[in-house]
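A short write-up of the structure that comes next.
Note that this is a predicted model, so its numbers are computed, not measured.
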Amino acid sequence: MNKEVLMVVESVSHEKGVSKDVIFGAIELALAMATKKRYREDAEFRVSIDRESGAYETFRCWEVIDPERELEEDEESNPDAELSPQEASEKDPNLSIGDVYEIPVESVEFGRIAAQTAKQVIVQKVREAERAQIVNEYLPRVGELVSGTVKKASRDTVIIDLGNNAEAILRREHLIPRESFRVGDRIRALLIDVDPENRGPQLILTRTSSEMLIELFKIEVPEIAEDVIEIRGAARDPGSRAKIAVRTNDGRIDAVGACVGMRGSRVQAVSGELAGEKIDVVPWDENPAQLAINAMSPAEVQSIIVDEETHTMDIAVEEDNLAQAIGRGGQNVRLASELTGWSLKVMTEEDAAQKQEEEAQRYIQGFMEMLSVDEGLAIVLVEEGFTSVDEIAYVPIEEMLAIEGFDEETVDELRNRAKDALLTKEIASEAGSGTPQEDLLGMEGMTRELAFRLADAGVTTMEDLAELAIADLVEIEETLSETEAGELIMTARAPWFEESEDDAAEGTND
């Protein structure tokens, strides 16, 4: 019988590719379960198999438990497998809480029932071991391309056989739009996650990520795999259009040409794998403005204005080129924005010039008001690139002296006025626009947030609110309806009517 145990372990381990220890553990568990069926009580058993001879022993087990412990949810005490500390000390004085007391019992034979139970346990253990094997094999490969054949295809998912009992799943949101597969089709996708807890396929794939586009180019373009060419960014509208930005430190190599290939062979190979997705390959540039110009390809950019504060760029194109620059549904400018990491706004040259003119007028008006200078001097400052009082106050003196017609006296005066304007602004900011008074805060229907917003607009008391018209209040707080604004104003005016009634009453008494 002992040899039979060893034969089962040897054959199953060889057939399933699972370690012998896993099979031994499964048989031990099966024999313990078979032993347990002999006893009416709910006893616990442990079986130990000698790995060399196949001989095995069986032990009945009791755990020493703390009688005062709190049982967890769904946990029940088992008197047939538990001992109190007092009962344990009678059997062995060295036992303490948490220890296990064991006595040898007669072992069951490794017969038909035990073998059947062992088979069930072994199948389960083998499945668990195979799943663990798959996790260990594919976990380091997250972010890589994998390929296999379609095993099952439904409306929402595609199950892919990767070989060696490994299955992967492609969910609808990770499939390229209008893409369909049949059972037996070869498929390639990017491994994005390994889920050990999933009862179904544990490997999660995608065909829509930008990383898949990059991995495909690594396969088709040897220079990328060899790190001669680097892909610095990628943006995709899966199944429709994509853009990648490439660069090389080797001046002898044309990075864009190498990625496109002879007569477009390399880029067409990638496009074919992605359901005909059109791919623009553009040169990377460290200058964000130049990168944006490149990313807008195939549209030609006439001028570009960069606003680093808002991280936006205004891109001007010829009117005939506007539709191409924007793309169908805004696709071209959206992909260019994603590739560059900047918010890009496309407009005609006329619109761009008008916007520049409006901004220049705003800056000019601001300088005239804050610095008390005439329009001519304000225009000069704007033309020299100044857009804020801060720049005038703290830019190096040499830069301002370089402006034609500016001497030291003019520069010093402008800087002093700019600093005074900033100081006045800071004092006003610290002082705030006002603080709501107690009568306004405690008024019926008033919230604290609304009271402070009113105070910012100069309405700090009920009297101030009572003097407002409904339109004025709605303009201050746009979330209020005219009805709500009218009710608030009437509540604020209530003291007026009370005073009128008191005056009328006094007149009657007189």
| said: One pair to check against side-chain contact (heavy atoms from CB on, under 4.5 Å): N332 and K243. What are the steps and the verdict? | reply: CA-CA 9 Å; N332 192 60; K243 292 178 182 286; 3.0 Å; yes
For [X], is the [atom1] atom crowded, meaning more than 12 foreign heavy atoms sit under 6.0 Å from it?
| X | atom1 | answer |
| --- | --- | --- |
| R247 | CZ | yes |
| E102 | CD | yes |
| E173 | CD | yes |
| E358 | CD | yes |

Any side-chain donor-acceptor pair under 3.5 Å between [X] and [Y]?
| X | Y | answer |
| --- | --- | --- |
| S481 | T483 | no |
| E230 | T248 | no |
| T206 | S209 | no |

| For F45, ring pair (Phe, Tyr, Trp, His ring centres under 6.0 Å) partners two or more places apart |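 For F45, the residues satisfying ring pair (Phe, Tyr, Trp, His ring centres under 6.0 Å) (neighbours in sequence not counted) are Y39.
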Could you tell me whether [X] and [Y] have a side-chain N and a carboxylate O separated by less than 4.0 Å?
| X | Y | result |
| --- | --- | --- |
| R236 | E277 | yes |
| R453 | E477 | yes |
| R232 | E286 | yes |
| E44 | K36 | yes |
| D314 | K355 | yes |
| E223 | R266 | yes |

Between [X] and [Y], which heavy-atom pair has the shortest distance, and what is it?
| X | Y | value |
| --- | --- | --- |
| D193 | V142 | N-CG1, 4.4 Å |
| I176 | G239 | CG2-CA, 3.4 Å |
| A292 | I315 | CB-CD1, 4.5 Å |
| L162 | A168 | CD1-CB, 3.9 Å |
| I244 | A234 | CG2-CB, 3.8 Å |
| E215 | L190 | CG-CD1, 3.8 Å |

| request: Could you walk me through whether Q365 and Q361 pass side chain to side chain donor-acceptor pair (under 3.5 Å), step by step? | output: CA-CA 6 Å; Q365 192 64 33; Q361 286 299 324; over 6 Å; no
| Can you check side-chain contact (heavy atoms from CB on, under 4.5 Å) on W342 and D307, steps first, answer last? | CA-CA 10 Å; W342 286 69; D307 187 340; over 6 Å; no
Any side-chain to backbone donor/acceptor pair from [X] onto [Y]? Under 3.5 Å, distance only.
| X | Y | result |
| --- | --- | --- |
| T340 | A336 | yes |
| H311 | G341 | yes |
| R46 | C61 | no |
| S53 | A55 | yes |
| S271 | V267 | no |
| D185 | T149 | no |

Roughly how far, to the nearest 0.5 Å, is [atom2] of [Y] from [atom1] of [X]?
| X | Y | atom1 | atom2 | result |
| --- | --- | --- | --- | --- |
| E179 | I187 | CD | CD1 | 6.5 Å |
| L274 | R241 | CG | CZ | 14.0 Å |
| N164 | E137 | CG | CD | 6.5 Å |
| L216 | I279 | CG | CD1 | 8.0 Å |
| D156 | L170 | CG | CG | 12.5 Å |
| H174 | M212 | NE2 | CE | 12.5 Å |

Heavy-atom check, side chain of [X] versus side chain of [Y], under 4.5 Å:
| X | Y | value |
| --- | --- | --- |
| V158 | K152 | no |
| I97 | I65 | no |
| I160 | L205 | yes |
| I27 | L31 | yes |
| F59 | V47 | no |
| F367 | I392 | yes |
| L191 | L203 | yes |
| M33 | L29 | yes |

| Do any pairs count as a salt bridge (charged side-chain N to carboxylate O under 4.0 Å, His left out) and have a residue in residues 330-353, sequence neighbours left out, and if so which ones? |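 Every salt bridge (charged side-chain N to carboxylate O under 4.0 Å, His left out) pair that includes a residue of residues 330-353, provided the two are not neighbours, is D237-R334.
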| field | side-chain hydrogen bond (donor to acceptor under 3.5 Å, both in side chains) contacts touching residues 251-264 (sequence neighbours left out) | value |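 Found D250-R252.
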| said: One pair to check against side-chain contact (heavy atoms from CB on, under 4.5 Å): V246 and V256. What are the steps and the verdict? | reply: CA-CA 7 Å; V246 297; V256 173; 4.1 Å; yes
| request: Would you please test E28 and R51 for salt bridge (charged side-chain N to carboxylate O under 4.0 Å, His left out) and show each step? | output: CA-CA 11 Å; E28 287 172 342; R51 274 32 176 182; 2.6 Å; yes
| task | Kindly indicate, with the supporting measurements, whether the criterion side-chain contact (heavy atoms from CB on, under 4.5 Å) is fulfilled by C259 and I229. | result | CA-CA 9 Å; C259 292; I229 293 176; 4.3 Å; yes
